[in-house]
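Remember, predicted model here, so these are calculated numbers, not experimental data. Per chain, numbering begins at 1; letters A, B, ... match sequence-line order.
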2 protein chains.
Amino acid sequence: MIVTVTDDEPKVLVVDGPDGGPPLLPSGPLDPDSDDTLDLAVRRWLAIQTGVTVSYMEQLYTFGDRMRSAPEPGERQLAVGYLALVPEETPAEGAMWIDTYDLFPWEDYRRGPPSVLRDDMYPRLDAWAFNDVARQGRAQITFGIGAPWDPIRVLERYELLYEASLVAEAFTARLEPLPGALGGRALGRDHRRIVATALGRLRGKLTYRPLIFEVMPEAFTLTELQHTVEALVGIELHKQNFRRIVDRGDLVERTGEHRSSTGGRPAALYRFRSDVVSERPSPGFSLPRPKRL
Amino acid sequence: MIVTVTDDEPKVLVVDGPDGGPPLLPSGPLDPDSDDTLDLAVRRWLAIQTGVTVSYMEQLYTFGDRMRSAPEPGERQLAVGYLALVPEETPAEGAMWIDTYDLFPWEDYRRGPPSVLRDDMYPRLDAWAFNDVARQGRAQITFGIGAPWDPIRVLERYELLYEASLVAEAFTARLEPLPGALGGRALGRDHRRIVATALGRLRGKLTYRPLIFEVMPEAFTLTELQHTVEALVGIELHKQNFRRIVDRGDLVERTGEHRSSTGGRPAALYRFRSDVVSERPSPGFSLPRPKRL
DNA sequence: CCTAGTAATGCTCAGATAGAGCATAAGCTG
DNA sequence: CAGCTTATGCTCTATCTGAGCATTACTAGG
């Protein structure tokens, strides 16, 4: 799964699904002869399917449930998921960027609790948890109802929605027809689940690794940097404090240039100081700690 | 890889290597027909090879380099590594617990920089980095020479030692005879590398997940809990502050019982409050933050 | 040129947390 | 009962975080 951020929206790269079906993440089988490492295999398929080359990439998770693959006896499909970050780039024919929050509209908390949550999800979660204290508890914790919203619980939220039959995949897995209104845009197979895994991991890792710079251009303003972080994490950050952290963390250095942005005082341009990666144990951006209630 | 802590020493469960070779982690091939999920396959092999059943288990990493397997064309071995935690338990015949710090003597920083580091590793790292500023920098950062010691960089340290030919595996991989003094006890194949991955991950995760209770008995004193954490993380913690964190975090509750330990005031017994797992976003034990120099 | 608008940047302050150490309590051993 | 040992309670300070006010440096419109 390849992620970037453009115009302050997090994007994920997908390829057309077979037979006009829902899109899929780029993927392909390992060639045991030519692919010396899993990393190389992933890069090879990315190049073939999307034309995109990535620098930062990390392994996510290996999916191996029997359910995944067509249940032919004696055969089994393992899928090793990867997460890659790239600056914006135009993909090849057949591949396109889609907005991550089209897949998970409830994950964009930047302007407070998203309306999908309040208008759509809450009532349906209520119905699902009706007369079931355990379900009520889970829904409240994972969706931050009367509890702090935790940006990294992406997978938990998706799985709960799956369990509550509020996402399309829950029906296609049971070979049932889709009812009307469902949460977010679906991907083929279990790929939306993989994206949820990746987004959660990414949000968490941003706090202790300077991954964000993998999606930034060479030079950027602190506001751009902040908006990019906010886009991925899905919450807004306090501007001055963000800048303080970045400053103090020695993550960046001024280029000396300035940018006359859309009205207002020109912003100083910064570049990433890549040597911090080895210097410091955990250079990242602390998220606001969830408030205890 | 299964980890426990006994007598304040972290242990890892290994099985006898083939032909009297170095021990290996328990492992075995997936049965595509009977193993519905990877988790189940792991548990099955654990039961067969060690007789141990685990509750907590998480997937670690999937190793798929061609180097791993005998290079027969058209065939390829993927190894999905898992990390499991158990309270002490006697394993079956052919399996045994070994001290993790026999594998990585340099990782036990509980009584300050271990003597192996000072007497043995430092000089050899010096030699390896002689006249090479980049190597000097890496060695200083990863091994905390004139820099803070970062407990979670287990894999980085092992890999650097591998690169510097200071661990046995570097020679066996090149089919060269072993020289004398080398760092730590080796495992077969790349299994020590897997243990390094797991230990690093475990140390990191302890800080934000209450994993530690997976290796604790039902009831324990706060000092026992602290010693167990210290054993895994490999550093000493401030006693009063540790206790404060545990208290405030509502991670445990008193059982009401007390234990008359080895001299001194009897300690109150505690048990884990398992409901915090869902309640709180990140219940764990913060490690002392590495000091900036 | 002057004024208003806008965003960048600088600074301060209070509350929370972490690191360190002192003081007291409650057992045990002789 | 004195002295030892460990558990437990408490305090003090440096640092960090969340939040907001103030100032600066531009642009656009009169």
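Look at CG on A:Leu222: it is 20 Å from P on D:dT24, rounded to the nearest Å. Per the geometry, CD1 belonging to A:Ile245 stands 16 Å off C1' belonging to C:dT9, to the nearest Å. A straight line from CZ of A:Phe242 to C1' of C:dT9 spans 14 Å, rounded to a whole angstrom. Across the protein-nucleic acid pair, B:Leu237 atom CG and C:dG19 atom P stand 9 Å apart, rounded to whole Å. Rounded to an integer number of Å, the gap from A:Lys239 NZ to D:dT17 P is 20 Å. The distance from atom CG of A:Leu225 to atom C1' of C:dT9 is 16 Å, rounded to the nearest whole Å. Between the CG atom of B:Leu269 and the C1' atom of D:dA7 there is a distance of 12 Å, rounded to whole Å. When the P atom of C:dA26 is taken as reference, atom NE2 of B:His258 falls 10 Å away, rounded to whole Å.
Put simply, the residue from A:Lys239, A:Arg244, A:Arg243 that forms a side-chain hydrogen bond (donor to acceptor under 3.5 Å, both in side chains) with A:Asn241 is A:Arg244.
B:Arg157 forms a cation-pi arrangement with B:Trp149, by the criterion of a distance under 6.0 Å to the ring centre and an angle within 45° of the ring axis.
The closest side-chain donor-acceptor pair between A:Glu224 and A:His227, if any, does not fall under 3.5 angstrom.
For B:Ser260, no side-chain nitrogen or oxygen approaches OP1 or OP2 of C:dG27 to under 4.0 Å.
Checking A:Asn241 against B:Thr221, the closest nucleotide of DNA chain D that is more toward the 5' end is the one next to B:Thr221.
Inter-residue side-chain proximity for A:Trp106 and A:Leu161 is flagged as met; some heavy-atom pair is nearer than 4.5 Å. Using a 4.5 Å cut-off on side-chain heavy atoms (C-beta onward), B:Val195 and B:Tyr158 make no contact.
Among D:dA19, C:dA26, D:dT8, the nucleotide with an atom closest to any side-chain atom of B:Arg243 is D:dT8. Relative to the side chain of A:Arg254, the nucleotides D:dC26, D:dT8, C:dT9 differ in distance, and C:dT9 lies closest.
Scanning atom types as modelled, one donor and one acceptor separated by under 3.5 angstrom connect the side chain of A:Gln240 and the base of C:dG10. Judged by atom type and distance alone, A:His238 reaches the base of D:dG20 through a side-chain donor-acceptor pair under 3.5 Å. Donor-acceptor pairing under 3.5 Å, judged by distance alone, is present between the side chain of A:Arg244 and the base of D:dG18. Contact of A:Arg265 with D:dT24 (side chain to base): a donor-acceptor pair of N or O atoms is detected under 3.5 Å.
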